[in-house]
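I'd like to ask you about the structure that follows.
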Amino acid sequence: MTKKTLTFGLLILFVINTLHASEGMWLPILLKKYNIEEMQQKGFKLSAEDIYDINNASLKDAVVGFVRLSSPFHHFCSGEVISPEGLVLTNHHCGYGAIQSHSSIEHDYLTDGFWAMSKEEELANENIGVCFLRRMEDVTNEVLNKIPENATKEIRDSIINAQIEKIETEATDGNELSAKVKPFFSGNEYYLSVYEIFRDLRLVGAPPSAIGKFGGDTDNWMWPRHTGDFSMFRIYANKENKPADYSEENVPYKAKRFLEIAIDGVEKNDFTMVLGYPGTTEEYLPSFAVKLKTEVENPAKIKIRTKTLELMKSDMDADAEVRIKYAAKAAGIANGWKKWIGENKGLKRLDALTTKQELELEFTKWVNQSDDRKIEYGHVLANYEELYKKLEPHQLALNYIYETLFSTELLKFSRKLQALTDITKGANDEKNQETLNKLISNTKGFYKDYNLETDKKIFSALVTFYYTDIDKSLHPKSFQLIDKKFKGSIDAFVDYIYSKSMLPYPEKMQAFLEAYSYRKMKKFTNDPMVKLYYETINIYASSIYPPYKQYHSEINELHRIYVKGLLEFQKDKVLFPDANSTFRIAYGTIDDYEPRDGVSYFHQTYLSGIIEKDNPEIYDYRVPEKLKELFTNKDFGSYGTDKKTMPVCFTASNHTTGGNSGSPILNENGQLIGINFDRNWEGTMSDVMYDPDMCRNITLDIRYVLFIVDKFAGAKHLVDEMTLVNAKQKRQLP
């Protein structure tokens, strides 16, 4: 080995055995064992029990996970309780769907904002709730202790599932709580989370999109940032302060704990902490997975979404009604698109593939030092390589069918309409009518946000991608018309589908549903768009998903063994489990960063930057006149800095990911200083590999939130609910 190679190998070994203080998403029940001493050295002034305590109110009781009630254990965002009456802060983009659902041309809350000036004006929302973590428990032994030695995967999985069901049932027996056991470290550990889920959540306030989405998709994932990305909700409960379905009889939730709000601002190197529900990270992927992600998956998805966004935004720019209808859809599509672009750039800059390969080389050397290790781990890397080669074409087909055909609006609508096939002769008439009424209601909601011309353009583009790039053996049967009937013309095929189908036309669909009976099922199933939906489902179920599932299952089992080996190999290093939509704590400091040669970014932005970006010709940069007036008059109230400047956003080194949107950013006293809403573009690879020099979470300064609520919206009654403090002077403010 040359001296240069030896030096590089030692450097890699040093890197993989050194955990940066800012890296990690830590479990609350393990803080006292692993983290609290370091947190206090970095400036934290509280104890581990102040964050997590099951016997007394703690900071965890002021943090919520936002959920779809139909999927209660997947937290799509986080939030924080900021008043005794259940007032909750989260991001504007987290509340975007709710805001959009209440918007129309007559009441354009996306453009104009919304503020409930009394509790009676707060707006109810379907299928959205919030959960509180009430306790967490390590149940690894209970889940795994009944597995016999040398058990097959099928037997192992069966025993694990049975044990998990038993644990969850016992945790919720005799109470109104919900429980979920999830695997950690790829199934080497298991933890139980017990939640209280509140089902009546009402929209209280949201700034206009010119503030809440300022900079739009152009600024998304970027720094410097000037986005007032917040919205406000209120939790309602029954008169016993327990979760309940929506009712006019419900009352504001009496919070077990709410956050004080510190308004004295932040300085570089200040301690910061994030609490919330990060979604998914993949820090322990092998090199073969990183190669697949960066060279196959991400490029394909980026290509497809680039075209979708181009078509969608063209129509949105040309028509205000289309803009409202497609605002949430475009935002959702663009979010992943831009993230994948940044992720690939970051992983390339870090040379992640080489770093992973060097780790695997060191792991192999360690394995080869013991015969027992050779037996347990010696096969892992070779099997990885073989399985990822087999997985690649099936992974690509899966990505394509999701990003193209399954992403078309009318095929997604067909999935909802599939319930029509449940209405059969001899079925309960009352149940049939209930199903039909629900479909009629859902149909009205669908067409509220549907534009035929826009959809048809996007449908044509997505069909073209799938038809051109995916092997014909995986094509829906209807695609044969492109070759046989339309001589290769996809446009002619699309015209045929849209002219013969009922689905693009709300009047036709409404009339069909209102007069529907089981006798009309054939007309429904013969609709060309519905036929295409069923054909696509069949292709997916018969030819795409099964091989993908098979190889992915084998890889997951291999990954369990690999991660077990990594935990042994790096036993002198405290590792954090990948994020999996469970409650976590991350901590770091307020910090600047230098993204490239000659460029240095300061950690704070101000309202002056918004004024500098003002451009009435570009929708995303139109600054509201009232905001400009407040800036000109320096009318910042007690929220500005020396009454001369108004802080807007700041960056810190906390390790965050999707799901942390809306998470509270707390200071050393556990007081709210901001709302997490993004990561910097140069740091989006942190889901796979964290870089302490480059990864920054982007936070909305709480002072800007208060300024907008009070001075811009005139909703000071909401600020009056909160407890504002000057952390340095330890006093409550008027």
Side-chain angles (χ1 to χ4, degrees), residues 90-128 200-214 216 228-234 236 246 248 312-332 409 413 416 437-455 504-511 513-514 616-629 708-709 712-715 717-718:
T90 189
N91 288 153
H92 186 270
H93 74 260
C94 295
Y96 204 74
I99 302 164
Q100 192 265 353
S101 71
H102 294 295
S103 296
S104 63
I105 290 292
E106 294 77 20
H107 300 286
D108 187 355
Y109 298 138
L110 288 175
T111 298
D112 302 328
F114 169 78
W115 302 97
M117 292 303 171
S118 68
K119 292 183 176 66
E120 290 72 26
E121 295 180 5
E122 296 171 357
L123 301 176
N125 302 279
E126 291 185 8
N127 198 34
I128 300 177
D200 185 354
L201 188 70
R202 304 185 193 180
L203 179 64
V204 174
S209 291
I211 292 173
K213 204 173 181 297
F214 183 78
D229 195 348
F230 77 96
S231 60
M232 306 177 79
F233 292 81
R234 192 183 303 279
Y236 278 75
Y246 170 81
E248 292 183 2
M312 193 175 285
K313 290 189 173 184
S314 176
D315 282 11
M316 290 170 68
D317 290 342
D319 189 317
E321 187 174 355
V322 175
R323 174 179 54 76
I324 292 173
K325 289 180 175 182
Y326 282 80
K329 299 171 190 175
E409 289 193 86
F413 184 36
K416 293 183 179 180
N437 289 341
K438 185 176 180 180
L439 283 173
I440 291 171
S441 176
N442 288 341
T443 297
K444 289 178 181 177
F446 171 78
Y447 287 117
K448 175 182 176 290
D449 298 321
Y450 177 77
N451 184 64
L452 192 154
E453 290 76 15
T454 304
D455 172 59
Y505 309 100
E507 298 83 4
K508 289 183 180 181
M509 275 305 304
Q510 202 70 26
L513 290 175
E514 288 174 356
E617 301 301 316
I618 302 175
Y619 178 78
D620 288 334
Y621 295 105
R622 297 174 187 169
V623 179
E625 288 301 321
K626 185 170 183 180
L627 191 58
K628 289 191 278 189
E629 180 183 324
I708 293 297
V709 173
F712 180 87
H717 63 285
L718 296 174

### Query
Do the charged groups of Glu409 and Lys329 touch, with an N to O distance under 4.0 Å?
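Result for this pair is yes, salt bridge flagged.
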### Task
Measure from the side-chain N and O atoms of Ser103 to the backbone N and O of Tyr109, and report whether any donor-acceptor pair falls under 3.5 Å.
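A pair under 3.5 Å: yes.
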### Task
Taking ring pair (Phe, Tyr, Trp, His ring centres under 6.0 Å) as the test, write out the residues that go with Phe413, two or more places apart.
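Residues passing ring pair (Phe, Tyr, Trp, His ring centres under 6.0 Å) with Phe413: Phe446, Tyr447.
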### Query
Which atom names give the shortest non-hydrogen contact between Thr443 and Leu513, and what distance separates them?
OG1-CD1, 3.2 Å
### Query
How would you list, by chain and number, every residue that makes a ring pair (Phe, Tyr, Trp, His ring centres under 6.0 Å) with His92, sequence neighbours excluded?
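If we apply the ring pair (Phe, Tyr, Trp, His ring centres under 6.0 Å) test to His92, skipping adjacent residues, the hits are Tyr96.
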### Task
Indicate yes or no for a side-chain donor-acceptor contact from Ser209 to the backbone of Leu110 under 3.5 Å, with no hydrogens or angles considered.
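Checked: pair present.
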### Task
Check the surroundings of atom NE2 in His717: do more than 12 heavy atoms from other residues, nucleotides or ligands lie under 6.0 Å from it?
yes
### Message
Can you confirm whether Met316 sits close enough to Lys325 that some side-chain heavy atom of one is under 4.5 Å from a side-chain heavy atom of the other?
### Response
no
### Message
Quick check: do Arg234 and Lys119 have side-chain heavy atoms less than 4.5 Å from each other?
### Response
yes
### Task
Applying ring pair (Phe, Tyr, Trp, His ring centres under 6.0 Å), name anything that partners Phe214, two or more places apart in sequence or on another chain.
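Ring pair (Phe, Tyr, Trp, His ring centres under 6.0 Å) list for Phe214, sorted by chain: Tyr621.
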### Side-chain H-bond candidate by donor/acceptor type, Asn451 with Glu321, under 3.5 Å
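Not at all, the side chains of Asn451 and Glu321 share no donor-acceptor pair under 3.5 Å.
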### Taking every non-hydrogen atom, the tightest pair across Asp112 and Pro208
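Here Asp112 and Pro208 meet closest at C-CB, 3.8 Å.
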### Query
Judged by atom type as modelled, is there a donor-acceptor pair below 3.5 Å linking the side chain of Asn125 to the main-chain atoms of Ile128?
no
### Task
Work out which heavy atom in Ala206 is nearest to a heavy atom in Ser231; give both atom names and the distance.
CB-CB, 4.2 Å
### Message
Atom NZ of residue position Lys448 - does it have more than 12 heavy atoms of other residues, nucleotides or ligands inside 6.0 Å?
### Response
yes
### Task
Please test Tyr450 against Asp455 for side-chain hydrogen bond (donor to acceptor under 3.5 Å, both in side chains), starting from the C-alpha separation and ending with a verdict.
CA-CA 8 Å; Tyr450 177 77; Asp455 172 59; 2.8 Å; yes
### Query
Below 4.5 Å, heavy atoms only, C-beta onward: do His107 and Ser104 meet side chain to side chain?
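They are in contact (side-chain heavy atoms under 4.5 Å apart), so the answer is yes.
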### Message
Main chain of Ala331, side chain of His93: is a donor-acceptor contact present, judged purely on distance under 3.5 Å?
### Response
no
### Task
Taking all non-hydrogen atoms of both residues into account, name the closest pair between Phe230 and Ile708 and its distance.
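The answer is CZ-CG2, 3.8 Å.
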#### Entry: Pairwise side-chain contact, Tyr505 with Leu452, heavy-atom cut-off 4.5 Å (strictly under)
yes
### Message
Show the nearest heavy-atom pair for residues Gln100 and Ala328, with the distance to one decimal.
### Response
CG-CB, 4.5 Å
#### Entry: Least distance between heavy atoms, Leu203 atom then Met232 atom
CD1-O, 3.7 Å
### Query
Can you check whether Phe712 reaches Leu627 side chain to side chain, under 4.5 Å on heavy atoms?
yes
### Task
Using a strict 4.0 Å threshold on nitrogen-to-oxygen distance, state whether Lys626 and Glu629 make a salt bridge.
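No, no charged N to carboxylate O under 4.0 Å.
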## Note on the structure
Rounding to 0.5 Å, atoms CZ (Arg323) and NZ (Lys313) come to a distance of 13.0 Å
### Message
Atom NZ of residue position Lys628 - does it have more than 12 heavy atoms of other residues, nucleotides or ligands inside 6.0 Å?
### Response
yes
### Message
If I take atom CG from residue Asp319 and atom CD1 from residue Ile324, how far apart are they, to the nearest 0.5 angstrom?
### Response
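Separation between the atoms: 9.0 Å.
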### Query
Between Glu122 and Tyr236, does any side-chain donor sit less than 3.5 Å from a side-chain acceptor?
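Indeed, the side chains of Glu122 and Tyr236 share at least one donor-acceptor pair under 3.5 Å.
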### CE-OG1 distance between Met312 and Thr454, expressed to the nearest 0.5 angstrom
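Nearest 0.5 Å value for the CE-OG1 distance: 8.0 Å.
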### Query
Are there more than 12 heavy atoms of other residues, nucleotides or ligands under 6.0 Å from atom CD of Glu126?
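Result for CD/Glu126: open.
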### Task
Enter the distance from Asp108:CG to Ile99:CD1 here, rounded to the nearest 0.5 Å.
11.0 Å
### Task
Mark yes or no: Arg202 above the aromatic ring of Phe233, with NZ or CZ under 6.0 Å from the six-membered ring centre and no more than 45 degrees from the axis.
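Relative to the ring axis of Phe233, which defines the angle, Arg202 lies outside at least one limit.
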### Query
Considering residues, nucleotides and ligands other than Glu248, do more than 12 of their heavy atoms fall under 6.0 Å from its CD?
no
